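Owing to the predicted nature of the structure, the values given are computational and were not obtained by experimental measurement.
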Amino acid sequence: MIEAEGLTKFYGSLPAIRDVSFQVEKGEVVGFLGPNGAGKSTTIRILTCYMPPTTGAARVNGLDCFEKSLEVRRVVGYLPESVPLYGEMTVTRFLRFAAAAKKVEARAIKKEIDRVVDVCALEKVSNRIIGHLSKGYRQRVGLAQALLNNPPVLVLDEPTIGLDPGQIIEIRKLIQELGGEHTILLSSHILPEVAQICQRVMIINKGQIIATDSPSNLTSRL
Ligand code: ADP
Ligand code: ADP
């Protein structure tokens, strides 16, 4: 479902990732684990069509992320590391705006927003201004926009970073539930987090994938 083939990305003369190759099969929930600066966001920005690799190829559902970016974006729901939420909008208004940008059919918009508000448990805050919400709620708003149009693939970049423990537990539970219905690539720098949620974990360090294994095997190797 997701394929990275020999991805290399240079920023200026410095390589952020080098020869990164992996596949995520349909229905898999895969963790992308590595310290800050390892190259997770760079890889994810290529897979979500925000920039092309210097060399190599990325495909989702067989579609090249660079050549078929419009089609790929319809298949992939993306939660960026820092969600550019429109702080002065209410949750519902932001989701309406996001749904229009994603070309959700006009007559389906209300139902689709009700669906993602329900999945992400945002009913209580749907008429609140996003900028006034806790970081945990704002992250759930970010997830809700990623779920619009019910994309088969979700790419989540450090979804729990900066949240307090209670919010972290809630977001992890929600991602676990979503794993039943979506193929998920989840980046994190916390081993217990990916071990709890993912069936398989890829470890990236200094721009290269250094191990891929089940969480239990990785935990016993450490
Ligand atoms: P991670 O998501 O694992 O923290 P990143 O992919 O953000 O890692 O970063 C990988 C490396 O590339 C880091 O050294 C980072 O400083 C560098 N980098 C990321 N984005 C840029 C950019 N736009 N310009 C220059 N260097 C960048
Ligand atoms: P991450 O936390 O995933 O490593 P960063 O905080 O490094 O992400 O990156 C935030 C933004 O700054 C991104 O748009 C990234 O491309 C850019 N960026 C990161 N590192 C550099 C860098 N060394 N030079 C220029 N831009 C960078």
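Without hydrogens or angle criteria, Asn149 side chain to Pro151 main chain gives no donor-acceptor distance under 3.5 Å. Of the possible donor and acceptor atoms, none in the side chain of Thr8 sits under 3.5 Å from a partner among the backbone N and O of Arg18. One N or O on the side chain of Arg138 and one on the backbone of Leu133 form a donor-acceptor pair closer than 3.5 Å. When atom types are taken as modelled, the side chain of Gln199 and the backbone of Val29 share a donor-acceptor pair closer than 3.5 angstrom. The closest donor-acceptor contact from the side chain of Gln176 to the backbone of Gln196 lies under 3.5 Å. Counting only distance, with no hydrogens or angles, the side chain of Glu67 and the backbone of Asp64 share no donor-acceptor pair below 3.5 Å. A side-chain donor-acceptor contact under 3.5 Å links Arg140 to the backbone of Ala121.
Taking the ring centre of Tyr78 as origin, the terminal cationic atom of Arg45 falls outside the region bounded by 6.0 Å and 45° from the ring axis.
Of all heavy-atom pairs between Ala38 and Ile204, the closest is CB-O, 3.5 Å. The nearest pair of heavy atoms linking Ile44 to Ser187 is CD1-CB, 3.7 Å.
Heavy atoms from other residues, nucleotides or ligands lying under 6.0 Å from CZ of Phe22 number more than 12. More than 12 heavy atoms of other shown residues, nucleotides or ligands fall within 6.0 angstrom of atom CZ in Arg115. At most 12 heavy atoms of other shown residues, nucleotides or ligands fall within 6.0 angstrom of atom NZ in Lys68. When the shell of 6.0 Å around CD of Glu123 is examined, it contains more than 12 heavy atoms from other residues, nucleotides or ligands.
Counting heavy atoms from C-beta on, the side chains of Leu178 and Leu154 come closer than 4.5 Å. Considering only heavy atoms from C-beta on, Leu186 comes within 4.5 Å of Pro159 through its side chain. Looking at Glu81 and Ser41, their side chains come closer than 4.5 Å, going by heavy atoms from C-beta outward. Looking only at side-chain heavy atoms (C-beta outward), Asn36 and His189 stay at 4.5 Å or farther from each other. Thr48 is not listed as a side-chain neighbour of Asp157, based on a closest heavy-atom distance of 4.5 Å or more. Counting heavy atoms from C-beta outward, Tyr137 and Lys124 have side chains that approach closer than 4.5 Å. Side-chain contact check for Thr90 versus Ile130: every heavy-atom pair is 4.5 Å or farther apart. Using a 4.5 Å heavy-atom threshold, the side chains of Lys110 and Ile113 count as separate.
Across Asp114, Val117, Val125, Asn127, a single residue satisfies side chain to side chain contact (heavy atoms under 4.5 Å, CB included) together with Thr92, and that is Asn127.
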side-chain contact (heavy atoms from CB on, under 4.5 Å) assessment of Ile46 paired with Thr43:
CA-CA 5 Å; Ile46 294 168; Thr43 308; 5.8 Å; no
Under the side-chain contact (heavy atoms from CB on, under 4.5 Å) rule, what do Met202 and Leu33 come out as? Steps first, then yes or no, please.
CA-CA 6 Å; Met202 309 185 289; Leu33 183 70; over 6 Å; no
